[in-house]
There are 2 protein chains.
Amino acid sequence: MRGYRQKLKKNGFKLTPGREAIIAFFSGKNHYATPETVWKEVRKSLPRLGLPTVYRNLEQMRKINILTQVDGAENRFYFGLCRAKNPGEHHHHISCQKCRRVSEVENCYLQSLTKEIKEKTGFQITGHKLQLTGVCKDCR
Amino acid sequence: MRGYRQKLKKNGFKLTPGREAIIAFFSGKNHYATPETVWKEVRKSLPRLGLPTVYRNLEQMRKINILTQVDGAENRFYFGLCRAKNPGEHHHHISCQKCRRVSEVENCYLQSLTKEIKEKTGFQITGHKLQLTGVCKDCR
DNA sequence: AATCTAAATAGAAACCATTTCTATTTGTAA
DNA sequence: TTACAAATAGAAATGGTTTCTATTTAGATT
Ligand SMILES: [Mn+2]
Ligand SMILES: [Mn+2]
Ligand SMILES: [Zn+2]
Ligand SMILES: [Zn+2]
């Protein structure tokens, strides 16, 4: 919790009640949630917090790698706390299709494939996005 | 071109002018396009074709693996012709960030990682979506 | 060729997650 | 305490996508 405060300050963001409440919300559970879900929950303690503010804060905290964003079903965003050892480093996430739990996949196994794909397709690979779906330990 | 007609009929779809025009649009170029782009182009020969019809047709043809769909930037859909040897088989696509050219990546290199990821995260992997970005031969 | 019917369509409207706007408030450094 | 840029609330707009319904059409049957 303290770590997030430092990270916000270091990046020039103020410590607003909204930001603190959003982080507190995610700290309680290691699951993804939509902006609206976050809003409805956080509003219980901050009734005047607006949904646009939640969107703004989620995006800002994603930019500084406090949160991670997943493009979920139906073209909606999901956010979750990034718990990687080094959140700024390239890595992936896997989410449970039953309970939305998130886990870090800190090794990226794809970099080694760059050469092979280049030979086959002629493309110089500049990036990739990997969306892993599964069932977590507790849901089996 | 003839192949697509067979595929449509086999799946119980009628051969409408709209569907033929959409396939003709994609056959001319091997690039992704948004529904709106498809619509604006196809409308030149079929002025009465509606945008909802384009959406419907794109989705139907994606379901029977004539087209492939990519979740592009800004939460928009992109569609392109699938040119895999066996379009129904699991595979990926890479798209050029400059010209939107699509290439098939028919080998999926990720299946072998299932075991390793399971050991590290406890997740049983049930699926994945890989979005590869690069620069194609012609754009370099 | 005429008839039939489920599939497909056009056009308008609705949907709804997300973004923008502006006047007001607030965190924080001095 | 004061000053001010950052942040906010609330309302409105945005825009890609979907839904709705009356009408048309592709293709099978005669
Ligand atoms: Mn992470
Ligand atoms: Mn394909
Ligand atoms: Zn789970
Ligand atoms: Zn290119």
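Throughout, a chain's letter reflects where its sequence line sits, starting with A, and its residues are numbered from 1.
One interatomic measurement links the two molecules: CZ of B:R48 to C1' of C:dA10, which rounds to 7 Å at whole-angstrom precision. Atom CG in B:L46 sits about 15 Å away from atom C1' in D:dT24, given to the nearest Å. Note: CG (A:L15) to C1' (D:dA6) measures 13 Å, nearest angstrom. A straight line from OH of A:Y78 to P of C:dA17 spans 10 Å, rounded to a whole angstrom. Rounded to an integer number of Å, the gap from B:L51 CG to C:dA14 C1' is 15 Å. One can place CZ of B:R76 at 9 Å from C1' of D:dG15, the figure rounded to the nearest angstrom. Remark: P of D:dT18 and CH2 of B:W39 are 16 Å apart, rounded to the nearest angstrom. The separation between B:N11 atom CG and C:dA8 atom P is 11 Å, rounded to whole Å.
The existence of a salt bridge linking B:R56 and B:E59 is excluded, since no basic side-chain nitrogen approaches an acidic carboxylate oxygen closer than 4.0 Å. A salt bridge links A:E36 with A:K40: the distance from a Lys NZ or Arg NE/NH1/NH2 to an Asp or Glu carboxylate oxygen falls below 4.0 Å.
Residue B:Y55 has a polar side-chain atom (N or O) positioned under 4.0 Å from OP1 or OP2 of D:dT17. Within the structure, every side-chain polar atom (N or O) of B:T16 is placed at least 4.0 Å from both OP1 and OP2 of C:dA8. In terms of phosphate contacts, B:R56 brings no side-chain nitrogen or oxygen within less than 4.0 Å of OP1 or OP2 of C:dA7. For B:R19, a side-chain nitrogen or oxygen approaches OP1 or OP2 of C:dA8 to under 4.0 Å.
Closest approach to the A:P52 side chain among C:dT19, D:dT17, D:dG27 is made by C:dT19 (side chain taken as heavy atoms from C-beta onward). For A:T53, taking side-chain heavy atoms from C-beta onward, the closest of the listed nucleotides C:dA10, D:dT17, D:dA9 is D:dA9.
A donor-acceptor pair is defined here as one N or O able to donate and one able to accept, closer than 3.5 Å; no such pair exists between the side chain of B:W39 and the backbone of B:T53.
Across all strands, B:P17 comes closer than 4.0 Å only to sugar-phosphate atoms, never to a base (heavy-atom distances).
Place B:L49 and B:K14 on DNA chain C by their nearest nucleotides, and B:K14 ends up nearer the 5' end. Nucleotides of DNA chain D nearest to B:F77 and B:K9 differ in position, and the one nearer the 5' end is that of B:F77.
Looking at residues 57-70 of chain A, you'll see that no heavy atom sits under 4.0 Å from any atom of DNA chain C.
Of the N and O atoms on the side chains of A:Q131 and B:H128, not one donor lies less than 3.5 Å from an acceptor on the other residue.
Both A:F25 and A:L81 are assigned to one and the same hydrophobic cluster, defined by single-linkage of ILVMFWY side chains at heavy-atom distances under 4.5 Å.
When each of A:R100, A:K98, A:R101 is paired with A:D138, the salt bridge (charged side-chain N to carboxylate O under 4.0 Å, His left out) condition holds for A:R101 and for no other.
Residues B:L15 and B:R5 share a closest heavy-atom pair of CD2-CD, 3.5 Å.
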